[in-house]
Every structure is written in structure tokens, then in C-alpha cells.
J.: 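Quick one: the structure is below, and I'll ask about it shortly.
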Amino acid sequence: MTVVTRFAPSPTGYLHIGGARTALFNWLFARHHQGKFLLRIEDTDRERSTEDAVRAILEGLRWLELDWDGEPVFQFARAARHAQVARDLLAEGKAYHCYCSPAELTEMRERARAEGRSPRYDGRWRERDPKDAPPGIKPVIRFKAPQTGETIVEDLVQGRVAVANAELDDMVLLRADGTPTYMLSVVVDDHDMDVTHAIRGDDHLTNAFRQTQLFLACGWQPPRYAHIPLIHGADGAKLSKRHGAVALDAYATMGLLPEAMRNYLLRLGWSHGDDEIISTALAIDWFGLEAVGRSPARFDMEKLLSLNAHYIKDAAPERLIPPVVARLEASLGRALSPTERARLDAVLPGLRPRARSLIELADGALFLFRARPLPLDAAASKLMSDDARRLLGALKAKLAVLPAWDAAALEACVRLHVEGAGIKLGAVAQPLRAALTGSTVSPGIFDVMVALGRDEVLGRIGDLAGP
RNA sequence: GUCCCCUUCGUCUAAAGGUUAGGACACCACUCUUUCAAGGUGGAGAUACGGGUUCAAUUCCCGUAGGGGACGCCA
């Protein structure tokens with residue numbers, strides 16, 4: 001049997017970390033088993049579903065490079081089929097009309113809560129004669145759920161979980177306006193789409209019981225369920241807008257690489273011994289539900305950034321350059337010239353191990369493109385003593401006539417210069433760094449000089465050097 | 001409130017009855033060094049608590065505490 005998984009987000013909000021991990025696990029599981037990974041947009045809530053959210057979800061998945069098989073299924077488009085199943089159940093006596101008004105239900109729940117009972121529908125229309133139906137009220141269709149015994153879910157992550165059927169009430173399958181509810185749609189779609197494994201957040205665990213009952217009533221085989229623990233914010237609370245559960249594209253904007261995000265998300269709740277850095281190819285090879293943990297995890301930006309730093313060091317330059325150029329041009333407010341882009345290429349190796357994100361990478365490169373005279377930051381200007389200026393002035397003259405302009409020649413020249421002056425390399429390297437970058441922090445100074453080129457170097461030194 | 005789930009360093013996790021309880025991030029120190037990183041080396045740091053079962057419990061069972069989730073004509 002081919003494995004079929006699905007990611008079934010509802011487009012009522014944006015794709016966040018938790019949803020992204022659910023998608024990743026479904027995708028990995030399907031790819032591992034050479035099965036199918038389907039995408040289903042659960043848009044049966046017409047009030048809250050938006051096209052923007054659909055777009056954001058698709059873009060998020062594309063950014064993460066999680067490709068789905070076939071076309072996305074829009075659940076609402078299948079409403080007629082869902083409604084038909086509800087009517088079939090009604091005809092078979094497995095469901096019934098309920099004429100309770102929303103106000104009546106609210107009152108029922110409030111009273112139950114006040115009396116310390118579970119707030120459930122009491123089944124008052126379950127056995128009532130349809131002739132009692134109040135006139136002019138459109139009924140909903142409720143599922144006639146078993147009231148005794150228990151329902152068991154053999155969860156691939158949580159293990160065997162049982163709940164007494166008395167704990168579950170008769171859920172609404174078809175709303176008064178004839179539209180299907182989530183519970184019905186999920187069951188029908190999972191069946192029609194031949195979903196074999198439903199991997200989703202732990203918050204759906206109780207739904208699995210109701211869905212199992214519905215599957216059985218329809219005479220269908222439920223999929224295998226796998227409820228993965230939720231991801232919490234850094235403070236241990238449920239992820240929400242306030243806790244960094246921002247849309248996935250915010251992480252792209254922050255300069256995260258999708259492979260870093262995948263690796264990070266993978267290790268949240270899943271492990272393979274002591275392995276930490278796991279390529280996507282290995283992840284597909286190794287992934288299995290048996291290694292998914294059962295306790296919730298906290299989101300840790302530091303670890304994500306550290307993984308990102310690793311992948312930045314690893315990434316091919318052609319992957320890094322375009323996003324960095326885009327960020328640079330945005331902050332510069334102008335396009336980079338070919339000469340400037342060559343400078344960027346030249347310092348990239350030096351910049352890479354110093355950046356944890358593409359933003360830091362771009363920020364680190366900014367000094368290359370600043371107009372002269374360069375503004376110095378506080379630490380840099382503190383370095384510019386009269387001695388330092390004189391040293392730079394003398395060095396400038398030697399650099400101007402240096403036959404070769406490569407890192408080795410530059411280093412030799414500068415070292416000779418400091419030896420002559422009887423000082424340490426740092427005494428000139430730091431002022432030089434300040435003059436060339438405006439800062440006390442940069443890649444190796446000789447690499448910076450090569451990238452900048454002789455004219456720019458002499459110019460920048462000249463702006464600050466003493467007589 | 002009811003039901004369900006969870007609990008190993010600050011965080012993510014390994015150890016599927018016998019380990020000096022391992023790794024990673026963060027932290028500290030040292031090292032390398034033209035700065036800052038990166039790299040290298042080392043350090044500090046955990047089995048929530050209480051009972052069992054067992055020759056032996058992080059591991060199995062029960063309870064307590066704490067945390068989370070669900071309880072919609074939302075998904």
C-alpha cells in the first residue's frame with residue numbers, strides 16, 4: 001500500500017512554525033516511503049478563510065521547499081459530497097436532525113459548566129420524534145455517536161489512547177445552512193483522498209476519537225494517526241502572535257535559510273541519536289514516526305540561528321549573493337555596480353563565518369559600498385590617534401607603489417612597515433581597519449584591502465591619514 | 001470543571017533495567033589571531049517529588065505536583 005500523507009492547514013491565519021513542522025513531518029514521511037504528500041486547504045469556514053492566507057501558506061511551503069503532489073484540494077469545493085455523506089448517514093439512522101438554537105446550546109453549556117459537568121450537547125433531539133420539530137427552524141444534522149463502550153486510537157506517536165464514549169457528544173455534521181463542518185469534511189476527504197497517515201498537531205488528538213467513530217459509521221477504514229506534540233514559545237506558553245509564532249515568511253525576511261529551518265524543525269521532537277546537522281537527503285532517509293518524542297518543545301531562536309550560521313558557511317555563493325545584494329541595495333537605496341559586486345564576491349569568504357543570518361551577512365558587507373569619507377563608529381574613531389594617523393600616512397606611501405595587490409603582498413608590506421617602526425602588527429592593523437571599514441570589526445584586513453582595490457584603499461586612508 | 005497528553009542540564013534531545021547519565025545551542029575559560037567571528041581544547045550544568053516492582057531503575061507500575069491540549073452550527 002502506498003503511503004499517502006496530507007498537510008491540511010486552514011487558511012484563517014498564516015503558516016507558522018508549528019504548521020511548518022507538521023508539513024515537514026508529513027512531507028518527510030511521504031518521501032521516506034516514496035509515497036504521496038498531498039495538500040488540502042481546509043476552507044470550510046467561509047467567514048474567516050481568506051485568499052491572502054491561502055497564498056501565504058503556499059508561499060511558505062515553497063520557501064521551505066516542501067513540494068506537494070498534485071493540485072491542492074480546496075475543501076469547500078467538495079461541500080456537496082460532504083453534505084451527501086451526512087444525508088446518507090441520516091437515512092441510515094446514524095445521524096439525526098437537531099433543532100436546538102444557538103442560544104439554547106450556549107445555555108446548555110453554561111449550565112453544565114456551572115454544575116461542574118463537562119460542557120456537552122445532551123442529545124435532546126437524538127431520539128425525539130421529528131414530528132416535534134418546531135416550525136420555521138432549520139435543523140442541523142448531528143452524528144448519533146455511540147454512548148457506551150470506548151473508542152481507541154492506536155496513535156503512531158502517542159501510543160494506544162482510549163476514551164470513554166460517554167465523554168463524547170453528538171457532533172454537528174451539517175450546519176443549518178447546509179454546509180459541512182470540519183469534522184465531517186476531514187473524514188470524507190481523508191477517505192476520498194486515500195490518506196493512509198494523518199500526521200498533525202497534538203491539539204487534534206481528541207478529534208481523532210470523533211473522526212474514528214465517523215469513519216466506522218461510514219464503513220470506512222480510518223487512517224493511521226500520528227499526533228505530534230506542539231511547539232511552545234520560549235516562555236513555555238502556547239505559541240501565539242505575542243510569542244514569535246509569526247508567519248513563516250518573517251523568518252525568510254530575518255535572513256534564515258530554508259535548509260536551516262528544516263533542520264531546526266526536524267530536531268524539535270524528532271531525533272536520530274546524537275545527530276544535529278542533518279541534510280534533507282539524510283532526513284528523508286532516516287525519518288520515521290517511531291523516533292518522534294511525545295513532549296512539547298520550546299522554540300529557541302538561538303539554536304535556529306546557530307544552525308543557520310552553519311548552513312551559511314556551507315551554502316554555495318550563488319545562493320547567498322542574490323539575497324545579500326537585494327538587502328544591500330535596499331539599505332543603500334541604489335543598485336550595486338559590477339565593480340561593487342566584484343568586491344562583494346571577494347569578501348564573501350571572510351564574511352561568511354561571521355554571519356548568523358543573511359541580514360548579518362549584508363550588514364557585514366555594507367562598509368564596502370559606503371561613500372567616502374567613511375563615517376567611523378565610536379570604537380573606530382577612538383583608535384584614530386595622531387600616532388595612528390601618522391602611521392597610516394607612512395603606510396599609504398608604501399602601498400601606493402606596491403607592485404602587486406594581493407593578500408600575501410599586502411601582508412608582507414604591512415609587516416615590513418611595522419617592523420621598521422618597531423611596533424606590533426595590531427598597532428597599525430586596527431587603525432587601518434578603522435579607516436577602511438569605519439569599524440573595529442571586519443574580515444581579515446588584507447582580504448578587505450584586496451576586495452576594495454588599491455584606489456579605494458588609498459582614498460580611504462587618505463581621508464584619515466596624517467601628514 | 002471534565003477528559004486526554006506530557007515531565008532528563010536554562011533550551012532541544014540521547015540513553016528502549018546495569019553508562020563516570022552522552023550530544024547540540026547558550027554560558028564560562030583557554031587556544032589560534034591583525035579585530036570580531038569561525039575553528040580547536042576544556043569547564044560548569046539535568047533524570048520534578050513520593051511510593052512501589054526488581055539483585056539493579058532515567059527506563060516498568062501507582063500517586064502527588066507542575067505544564068499542555070481538547071471540550072463550537074472554528075479548524
Side-chain angles (χ1 to χ4, degrees), chain A residues 8-13 42-45 47-49 75 98 100-102 105-106 109 112-121 138-142 155 158-159 161-164 166-169 171-177 179 181-183 185-186 201-207 209 227 229-230 232 234 236-238 264 267-277 290 293-307 309 313 350-356 360 364 379 383 411 414-415 418 424-430 432-434 437 439-446:
Chain A
S10 112
T12 53
E42 307 218 318
D43 55 352
T44 51
D45 183 345
E47 300 283 306
R48 288 187 278 182
S49 296
Q75 194 160 55
C98 167
C100 286
S101 66
L105 293 169
T106 307
R109 272 191 290 271
R113 217 180 275 270
E115 291 170 8
R117 289 178 293 115
S118 194
R120 287 189 291 258
Y121 173 67
K138 281 197 171 175
V140 300
I141 294 181
R142 281 188 186 269
D155 195 276
Q158 304 293 337
V161 188
V163 82
E167 296 294 329
L168 273 13
D169 63 3
M171 61 193 156
V172 171
L173 299 178
L174 211 60
R175 299 186 184 101
D177 66 2
T179 59
T181 60
Y182 157 80
M183 213 62 81
S185 298
V186 167
D202 204 14
D203 50 342
H204 283 285
L205 183 59
T206 51
N207 291 335
F209 297 107
H227 290 92
L230 301 179
H232 292 162
K238 187 184 179 181
Y264 177 72
R267 287 287 292 106
L268 236 39
W270 179 87
S271 59
H272 184 268
D274 282 341
D275 294 304
E276 294 286 348
I277 304 286
E290 63 290 334
R294 285 193 282 177
S295 50
R298 296 188 190 203
F299 179 76
D300 181 6
M301 193 64 196
E302 289 299 318
K303 188 150 183 176
L304 209 205
L305 281 172
S306 132
L307 242 10
K313 281 192 280 265
L351 253 18
R352 270 217 263 217
R354 293 171 168 79
R356 298 202 301 171
E360 290 181 11
L383 237 41
E411 178 161 1
V414 173
R415 282 192 187 276
V418 298
K424 291 205 287 188
L425 180 56
V428 70
Q430 276 305 86
L432 188 54
R433 189 184 316 278
T437 71
S439 146
T440 55
V441 174
S442 84
I445 195 62
F446 306 112

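Every heavy atom of this structure was used, including side-chain atoms; hydrogens, water molecules and symmetry mates were not. Within every chain, numbering begins at 1; the chains are lettered A, B, ... in the order of the sequence lines, protein sequences first and strands thereafter. Since this is a predicted model, take the numbers as computed values, not measurements.
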J.: Could you please name the partner base of C36(B), counting Watson-Crick and G-U wobble pairs only when both distances are under 3.5 Å?
T.: none
J.: Can you check the Met301(A) CE to G10(B) C1' distance for me, whole Å?
T.: 18 Å
J.: Please name the pair of heavy atoms, one in Leu230(A) and one in Gly201(A), separated by the smallest distance, quoted to 0.1 Å.
T.: CD2-CA, 4.1 Å
J.: State the OG1-CD distance between Thr44(A) and Gln75(A), to the nearest 0.5 angstrom.
T.: 5.0 Å
J.: Could you work out the separation of U7(B) and G50(B) based on their C1' atoms and round it to a whole Å?
T.: 15 Å
J.: Determine the Euclidean distance between corresponding C1' atoms of C25(B) and U35(B); express it in Å to zero decimal places.
T.: 25 Å
J.: Atom OH of Tyr121(A) and atom P of C71(B): how far apart are they, to the nearest Å?
T.: 18 Å
J.: Mind checking if Arg142(A) touches a base, just sugar-phosphate, or nothing, with heavy atoms under 4.0 Å?
T.: sugar-phosphate
J.: Please report the distance, rounded to the nearest Å, between CE in Met171(A) and P in C73(B).
T.: 12 Å
J.: In this structure, how many angstroms lie between the P atom of G69(B) and the NE2 atom of His204(A), rounded?
T.: 13 Å
J.: For the residue pair Ile445(A) and Arg433(A), what are the closest heavy atoms and their distance?
T.: CD1-CA, 3.4 Å
J.: Check nucleotides 2-5 of chain B for protein N or O atoms closer than 3.5 Å to its own N or O atoms and list the pairs.
T.:
unit_1: U2(B); atom_1: O2'; unit_2: Glu167(A); atom_2: OE1; d: 3.3
unit_1: C3(B); atom_1: O4'; unit_2: Glu167(A); atom_2: OE1; d: 3.4
unit_1: C5(B); atom_1: O2'; unit_2: Gln158(A); atom_2: OE1; d: 3.3

J.: So, using side-chain contact (heavy atoms from CB on, under 4.5 Å) as the criterion, who are the partners of Thr179(A) when residues are at least two apart?
T.: Phe76(A), Arg175(A), Asp177(A)
J.: Distance check, P atoms only: A29(B) and U47(B), in whole angstrom units.
T.: 26 Å
J.: Between the protein and nucleotides 38-40 of chain B, which nitrogen or oxygen pairs are less than 3.5 angstrom apart?
T.:
unit_1: A38(B); atom_1: O4'; unit_2: Pro353(A); atom_2: O; d: 3.3
unit_1: A38(B); atom_1: O3'; unit_2: Lys313(A); atom_2: NZ; d: 3.3

J.: Before giving the answer on salt bridge (charged side-chain N to carboxylate O under 4.0 Å, His left out), spell out for Glu276(A) and Arg267(A) the whole-Å C-alpha distance, their side-chain angles and the decisive distance to 0.1 Å.
T.: CA-CA 7 Å; Glu276(A) 294 286 348; Arg267(A) 287 287 292 106; 3.2 Å; yes
J.: Please write out each protein N/O paired with an N/O of nucleotides 43-48 of chain B under 3.5 Å, distance rounded to 0.1 Å.
T.:
none

J.: Check whether any side-chain N or O of Arg294(A) sits under 3.5 Å from a backbone N or O of Gln158(A) as a donor-acceptor pair, and report yes or no.
T.: yes
J.: Using modelled atom types and a 3.5 Å cut-off, is there a donor and acceptor pairing between side-chain atoms of Tyr264(A) and backbone atoms of Phe299(A)?
T.: no
J.: Between G17(B) and G52(B), how far is it from one C1' atom to the other, in whole Å?
T.: 15 Å
J.: Side chains of Gln430(A) and Lys424(A): closer than 4.5 Å at any heavy-atom pair?
T.: no
J.: Send over the distance from Leu105(A) CG to G72(B) P, rounded to a whole Å.
T.: 9 Å
J.: Going by heavy atoms in the side chains, are Tyr121(A) and Cys98(A) under 4.5 Å from each other?
T.: yes
J.: Does any part of the side chain of Thr206(A), heavy atoms only, come nearer than 4.5 Å to the side chain of Glu167(A), both counted from C-beta?
T.: no
J.: Look at all strands and tell whether Asp43(A) reaches a base, only sugar-phosphate, or nothing, counting heavy atoms closer than 4.0 Å.
T.: nothing
J.: Looking for any heavy atom pair under 4.0 Å, which part of the strands does Pro443(A) touch: base, sugar-phosphate only, or nothing?
T.: base
J.: Is there a Watson-Crick or G-U wobble partner for A15(B) with both distances under 3.5 Å, and if so, which one is it?
T.: none
J.: Expressed in whole Å, how much space separates the P atoms belonging to A75(B) and C71(B)?
T.: 11 Å
J.: Show the nearest heavy-atom pair for residues Leu383(A) and Ala434(A), with the distance to one decimal.
T.: CD2-CB, 4.3 Å
J.: Over how many whole Å does the gap from Leu230(A) atom CG to C6(B) atom P extend?
T.: 13 Å
J.: Anything under 30° is parallel, anything over 60° is perpendicular, the rest tilted; go ahead and classify Tyr182(A) against His204(A).
T.: tilted
J.: In whole angstrom, give the distance that lies between atom OH of Tyr182(A) and atom P of C73(B).
T.: 15 Å
J.: Which residues pass the ring-ring contact (aromatic ring centres under 6.0 Å, His included) test with Phe209(A), sequence neighbours left out?
T.: none
J.: Say you pick atom P in C5(B) and the same atom in C60(B); how far apart are they, in whole Å?
T.: 15 Å
J.: Cys100(A) near the nucleic acid: base, sugar-phosphate alone, or nothing, with a heavy-atom cut-off under 4.0 Å?
T.: base
J.: Check every strand shown and say whether Val140(A) touches a base, only sugar-phosphate, or nothing at a heavy-atom separation below 4.0 Å.
T.: base
J.: Would a distance-only check, ignoring hydrogens and angles, find a side-chain to backbone donor-acceptor pair under 3.5 Å from Thr181(A) to Val172(A)?
T.: yes
J.: Roughly, in whole Å, what's the span from CG in Asp155(A) to C1' in C6(B)?
T.: 13 Å
J.: How far does the P atom of A48(B) sit from the matching atom of C12(B), given to the nearest Å?
T.: 14 Å
J.: So, for Ser49(A) and Glu42(A), which heavy atoms are closest and what is the spacing to 0.1 Å?
T.: OG-O, 4.5 Å
J.: Under a 3.5 Å cut-off for both distances, is U7(B) Watson-Crick or wobble paired, and to whom?
T.: A65(B)
J.: When you compare G45(B) with G23(B), how far apart are their P atoms, in angstrom units rounded to a whole number?
T.: 14 Å
J.: Scan nucleotides 12-28 of chain B nucleotide by nucleotide, 5' to 3', and note B when protein non-hydrogen atoms come under 4.0 Å of the base, S if they reach only the sugar-phosphate, - if neither.
T.: BSS-------BBBSS--
J.: Are any of the side-chain heavy atoms of Glu360(A) and Arg354(A) separated by less than 4.5 Å?
T.: no
J.: Can you tell me the base-pairing partner of C71(B)? Count Watson-Crick or G-U wobble geometry only, both distances below 3.5 Å, and say none if there is no partner.
T.: G1(B)
J.: Classify Thr44(A) by what it touches in the nucleic acid, base, sugar-phosphate, or nothing, heavy-atom distance under 4.0 Å.
T.: sugar-phosphate
